[in-house]
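All remarks here apply to the structure that follows.
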Amino acid sequence: MGPLQIKDILQTAPENQSVVVKGWVRTKRESKNAIFIALNDGSTINNIQVVAEPGQFSAELLLTVTTGSCLKVTGELIASQGAGQTVEVKISDIEVYGTADPEEYPLQPKKHSLEFLREIAHLRPRTNTFSAILRIRHALAFAVHQYFNDKGFFYLHTPVITASDAEGAGEMFRVTTLDLNNLPRTEEGAINFKEDFFGREANLTVSGQLEGELGAMALSKIYTFGPTFRAENSNTTRHLAEFWMIEPEMAFFELEDNMDLAEDFVKKVITYALINCKDDLNFLQNRLTEEEKNKPQNERSLPLLEKLAFVVDNPFERLTYTEAIDILLKSKPHKEGKFQFPVGWGIDLSSEHERYLVEKHFKKPVILTNYPREIKSFYMKLDEDGKTVRAMDVLFPGIGEIIGGSQREESYEKLLGRVKEIGIDPENLWWYLETRKFGTAPHSGFGLGFERLVQFVTGMGNIRDVIPFPRYPKSAEF
RNA sequence: UCCCGAAUAGCUCAGCCGGUUAGAGCAUCUGACUGUUAAUCAGAGGGUCGCUGGUUCGAGCCCAGCUUCGGGAGCCA
């Protein structure tokens with residue numbers, strides 16, 4: 001079952017037992033009486049110190065043990081004489097699996113900027129920061145599945161390729177096998193997609209929600225967790241062209257149940273990371289604190305662990321869109337004309353408005369509900385007044401909208417009306433509309449951008465740093 | 001896509017009013033020293049100043065275009 005992981009060896013009581021350690025060299029320090037090598041295998045942020053005596057190995061061999069090289073070390077696990085660690089390995093044999101020429105290997109023992117590391121995304125998982133992020137990302141993904149499984153949800157695999165062009169969630173990437181240099185044409189001169197692979201136009205999915213609803217109308221509670229694609233030319237710290245979305249969809253859930261679930265879900269998943277990723281979160285917290293040292297006291301943010309504990313321990317603020325507009329209208333920045341965009345009932349809240357509510361006014365996560373129908377999607381259930389819909393957005397400090405959801409319109413007539421109203425051909429959505437025709441039921445769901453969650457938990461400022469190989473405009477190198 | 005800023009050594013940056021041989025710290029290499037903790041001290045090597053064009057006796061520096069990167073906005077998750 002493979003070698004022992006460094007994570008486990010570090011927990012083992014030293015009894016001079018023989019051990020084999022495999023990992024990548026972080027640093028090597030040579031002195032008259034001992035040579036110290038810090039090895040890391042990614043199982044933990046902590047390194048294991050392996051120690052050799054000078055003269056024990058040839059100079060030629062030691063020259064190949066450099067930062068970034070990969071070693072197999074055999075030796076004895078002993079109590080460390082030094083102060084920085086409790087155990088270490090007294091080396092009896094070294095095998096160099098792979099060298100890393102220090103003149104070429106870009107990850108030398110020094111600080112590197114996140115921008116530089118983005119250019120070497122194939123190597124950045126070997127850094128403390130990125131290995132910590134990737135371990136936390138894994139823990140969160142695991143916690144997502146565990147949470148839903150415990151609550152009786154079924155994991156539904158919705159398609160990555162869709163022929164539906166009516167989801168309206170954003171620009172889509174086209175999927176085709178047509179020869180772009182020799183496109184088949186109809187008699188009218190248009191591209192003839194009947195000759196394409198699927199016999200029609202196809203795209204990468206922008207959301208699994210519509211298919212998710214089909215699942216909920218049979219299994220009651222389902223969730224999706226898969227890649228999602230948006231071809232928008234978005235260049236921000238909060239958007240990716242390829243990201244992972246979690247979309248639970250529940251029959252017999254109304255808006256309040258939906259909010260309760262969203263809040264409980266986020267809290268439980270963050271709690272899992274707090275319990276299981278202590279070392280990594282501590283490392284990231286120290287990194288952030290170090291980064292903010294130069295900022296004036298009043299601009300510094302809460303230490304990462306305190307921020308996460310605060311979110312887990314306090315109820316989210318819930319209010320309607322209409323109430324939020326009232327608060328904004330009474331706010332100081334509005335009265336002083338500091339907002340770039342005007343405030344008024346019916347507007348789509350912009351980042352500055354959301355930030356004011358979350359970061360200045362309430363100073364905690366906020367759930368906004370009952371938005372005007374005009375600024376929300378066609379599938380959201382109309383309120384009695386006919387003006388607003390049963391939508392909910394969960395807003396987080398720093399990253400803005402982390403969750404968008406709603407109670408869905410279950411009335412066939414009303415949904416059909418909305419579909420026509422926004423100019424979608426009902427023919428394209430016949431299968432979706434039939435869920436309302438046959439055994440319709442009140443139901444709700446939401447979508448959560450996984451990377452935004454990872455961003456919040458790790459405290460990373462740029463979403464491109466919380467996914468191993470980010471996809472964004474002009475970037476698909478790795 | 002829009003606004004603002006940036007691009008100089010492997011990395012992070014400085015480079016004065018446009019002037020003669022482009023600097024620092026870190027990293028790397030060499031030596032010294034030391035049960036060391038991203039060790040310490042000394043020395044050395046390392047540059048097509050993003051690309052294209054322009055202004056000028058002379059451009060890392062000024063101007064234009066392009067490319068890429070960063071921050072903000074829009075779109076959203």
Side-chain angles (χ1 to χ4, degrees), chain A residues 25-38 40 46-54 63 66-68 78-85 88 90 100-120 127-128 167-171 206-209 227-247 262 339-341 348-355 375-377 393-396 399-405 446-456 461-467 472-475 477:
Chain A
V25 174
R26 285 296 171 80
T27 61
K28 181 178 72 171
R29 293 177 290 273
E30 291 185 70
S31 74
K32 190 163 260 176
N33 300 318
I35 297 161
F36 304 96
I37 301 165
N40 187 286
N46 302 305
N47 302 327
I48 193 161
Q49 176 161 285
V50 299
V51 189
E53 284 173 24
L63 270 175
T66 57
T67 298
I78 60 171
S80 178
Q81 299 172 36
Q85 56 283 315
E88 65 189 25
K90 191 180 163 195
D101 182 354
E103 293 292 338
E104 286 184 66
Y105 185 62
L107 289 175
Q108 292 303 333
K110 72 177 292 281
K111 262 188 195 151
H112 293 292
S113 67
L114 295 171
E115 291 81 9
F116 172 64
L117 294 174
R118 238 169 262 153
E119 292 171 11
I120 49 167
T127 63
N128 284 332
E167 288 162 26
E171 290 295 311
V206 293
S207 163
Q209 183 200 312
T228 314
F229 309 86
R230 304 273 168 94
E232 243 109 55
N233 191 8
S234 291
N235 293 285
T236 80
T237 53
R238 304 179 307 281
H239 291 87
L240 291 166
E242 177 181 301
F243 64 100
W244 287 65
M245 192 146 66
I246 298 153
E247 293 175 292
F339 284 135
Q340 195 191 332
F341 296 93
D348 209 348
L349 297 177
S350 63
S351 298
E352 57 174 351
H353 304 138
E354 293 179 352
R355 286 191 105 102
I375 59 173
K376 286 291 180 186
S377 302
D393 282 2
V394 181
L395 309 178
F396 262 42
I399 50 178
E401 186 181 342
I402 191 167
I403 289 177
F446 61 82
L448 177 143
F450 184 56
E451 281 74 20
R452 293 208 178 152
L453 178 67
V454 182
Q455 221 185 334
F456 183 74
N462 195 318
I463 201 164
R464 296 167 182 178
D465 295 331
V466 299
I467 186 167
Y472 48 95
K474 303 280 181 293
S475 183
E477 176 83 12

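Residue numbers start from 1 in every chain, and the chains themselves are labelled A, B, ... in the order their sequence lines are given, proteins ahead of strands. Hydrogens, waters and symmetry mates are skipped; everything else that's a heavy atom, side chains included, is used.
For Asn462(A) and G71(B), the shortest distance from a side-chain N or O to OP1 or OP2 is below 4.0 Å. Side-chain nitrogen and oxygen atoms of Thr237(A) include at least one within less than 4.0 Å of the OP1 or OP2 phosphate oxygen of G72(B). Side-chain N/O atoms of Thr27(A) include none lying less than 4.0 angstrom from OP1 or OP2 on A38(B). Under 4.0 angstrom from either OP1 or OP2 of C69(B) there lies no side-chain N or O belonging to Arg464(A). Close to G74(B), at under 4.0 Å from its OP1 or OP2, lies a side-chain N or O of Ser350(A).
Within a 6.0 Å sphere centred on NZ of Lys28(A), heavy atoms belonging to other residues, nucleotides or ligands number more than 12.
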Might you list the N or O atoms of the protein lying below 3.5 Å from N or O atoms in nucleotides 35-37 of chain B, with each pair's distance?
| residue | atom | partner | partner atom | Å |
| --- | --- | --- | --- | --- |
| G35(B) | OP2 | Asn33(A) | ND2 | 2.6 |
| G35(B) | N7 | Gln81(A) | OE1 | 3.2 |
| G35(B) | O6 | Gln81(A) | NE2 | 2.6 |
| G35(B) | N1 | Glu88(A) | OE2 | 2.7 |
| G35(B) | N2 | Gln49(A) | NE2 | 3.1 |
| G35(B) | N2 | Ser80(A) | OG | 3.4 |
| G35(B) | N2 | Glu88(A) | OE1 | 2.5 |
| G35(B) | N2 | Glu88(A) | OE2 | 3.2 |
| U36(B) | O2' | Arg29(A) | NE | 3.3 |
| U36(B) | O2 | Arg29(A) | NE | 2.8 |
| U36(B) | O2 | Arg29(A) | NH2 | 3.2 |
| U36(B) | N3 | Gln49(A) | OE1 | 3.0 |
| U36(B) | N3 | Gln49(A) | NE2 | 3.0 |
| U36(B) | O4 | Gln49(A) | NE2 | 2.7 |
| U36(B) | O4 | Gln85(A) | NE2 | 2.9 |
| U37(B) | O2 | Gln85(A) | OE1 | 3.1 |
| U37(B) | N3 | Gln85(A) | OE1 | 3.3 |
| U37(B) | N3 | Gln85(A) | NE2 | 3.4 |
| U37(B) | O4 | Ala83(A) | N | 2.8 |
| U37(B) | O4 | Gly84(A) | N | 3.3 |

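Partners of Glu115(A) by salt bridge (charged side-chain N to carboxylate O under 4.0 Å, His left out), not counting sequence neighbours: none found. Applying the salt bridge (charged side-chain N to carboxylate O under 4.0 Å, His left out) rule to Glu451(A) yields the partners Arg137(A); only residues at least two apart in sequence or on another chain are considered. Residues forming a side-chain contact (heavy atoms from CB on, under 4.5 Å) with Thr27(A) (at least two apart in sequence, or on another chain): Arg29(A), Ala38(A), Pro109(A). Scanning for side-chain hydrogen bond (donor to acceptor under 3.5 Å, both in side chains) contacts around Thr236(A) gives His239(A), with sequence neighbours left out. Judged as a ring-ring contact (aromatic ring centres under 6.0 Å, His included), and not counting sequence neighbours, Phe446(A) has no contacts. Remark: Phe341(A) engages Ser350(A), Glu352(A), His353(A) in a side-chain contact (heavy atoms from CB on, under 4.5 Å) (not counting sequence neighbours). In this structure Phe396(A) satisfies the ring-ring contact (aromatic ring centres under 6.0 Å, His included) test together with Phe316(A), Phe456(A), sequence neighbours excluded. Applying the side-chain contact (heavy atoms from CB on, under 4.5 Å) test to Asn462(A) and every residue at least two apart in sequence or in another chain returns Arg118(A), Thr237(A), Arg464(A), Asp465(A). A search for side-chain contact (heavy atoms from CB on, under 4.5 Å) contacts involving Asp393(A) returns Tyr371(A), Lys376(A), Leu395(A), Glu401(A), not counting sequence neighbours.
Straight-line distance from the CD1 atom of Ile463(A) to the P atom of G70(B): 14 Å, rounded to whole Å. Here C11(B) presents its P atom at 8 Å from CD of Glu119(A), a figure rounded to the nearest Å. Here the C1' atom of nucleotide C76(B) and the CG atom of Asp393(A) are 10 Å apart, to the nearest Å. Distance CZ (Arg118(A)) to C1' (C11(B)): 15 Å, rounded to an integer number of Å. Whole-Å rounding puts the Asn235(A) CG to C2(B) P distance at 11 Å. For the pair His239(A) NE2 and C76(B) P, the interatomic distance rounds to 8 Å; values are reported in whole Å. Rounded to whole angstrom, the span from the CZ atom of Arg230(A) across to the P atom of G74(B) amounts to 17 Å. Per the geometry, CH2 belonging to Trp244(A) stands 24 Å off P belonging to C76(B), to the nearest Å.
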Heavy-atom protein contacts under 4.0 Å, nucleotides 24-30 of chain B, coded B base, S sugar-phosphate only, - none: --BSSS-

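Within the 4.0 angstrom heavy-atom criterion, no nucleotide atom of any strand lies near Asn46(A). At a threshold of 4.0 angstrom between heavy atoms, the contacts of Ile35(A) with the nucleic acid are absent. At a threshold of 4.0 angstrom between heavy atoms, the contacts of Glu30(A) include nucleobase atoms, whether or not backbone atoms are also involved.
Taking atom P on both G60(B) and A9(B), the two are 15 Å apart, rounded to the nearest angstrom. Annotation: G46(B) and A22(B) have their P atoms spaced 13 Å apart (nearest Å). Spacing of P atoms, C66(B) relative to U1(B), comes out at 12 Å, to the nearest Å. Comparing the C1' positions of A39(B) and A14(B) gives a spacing of 28 Å, expressed to the nearest Å. Distance noted for atom C1' between A59(B) and U55(B): 10 Å (whole Å). For the P atoms, the distance from A32(B) to U48(B) is 33 Å, rounded to whole Å. Look at the P atom in both A73(B) and A64(B): the space between them is 27 Å, to the nearest Å. Nucleotides U20(B) and U36(B), compared at atom P, are 48 Å apart to the nearest Å.
No hydrogens or angles were tested; on distance alone, nothing pairs the side chain of Arg26(A) with the base of A38(B) as donor and acceptor under 3.5 Å. A donor and an acceptor atom never sit less than 3.5 Å apart when one is taken from the side chain of His112(A) and the other from the base of C11(B). With hydrogens and angles left out, the side chain of Ser234(A) and the base of C75(B) share a donor-acceptor pair within 3.5 Å.
A donor-acceptor contact shorter than 3.5 Å is absent between the side chain of Gln85(A) and the backbone of Ile48(A). In this structure a side-chain-to-backbone donor-acceptor pair under 3.5 Å is present from Thr66(A) to Ala100(A). Looking at Glu30(A), its side chain never comes within 3.5 Å of a backbone N or O of Ile35(A) through a donor-acceptor pair. For the pair Glu242(A) (side chain) and Thr228(A) (backbone), a donor-acceptor distance under 3.5 Å is absent.
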For RNA chain B, the dot-bracket pattern of Watson-Crick and G-U pairs whose distances stay under 3.5 Å, | for other-strand partners: (((((((..((((.....[...)))).(((((.......))))).....(((((..]....))))))))))))....

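Anti is the classification of C41(B), since its glycosidic angle lies more than 90° from 0.
Across the interface with RNA chain B, nearest-nucleotide mapping of Glu352(A) and Ile403(A) shows Glu352(A) to be the residue nearer the 5′ end. Along RNA chain B, the nucleotide nearest Phe341(A) and the nucleotide nearest Glu354(A) are compared for position; the residue whose nucleotide lies closer to the 5' end is Phe341(A).
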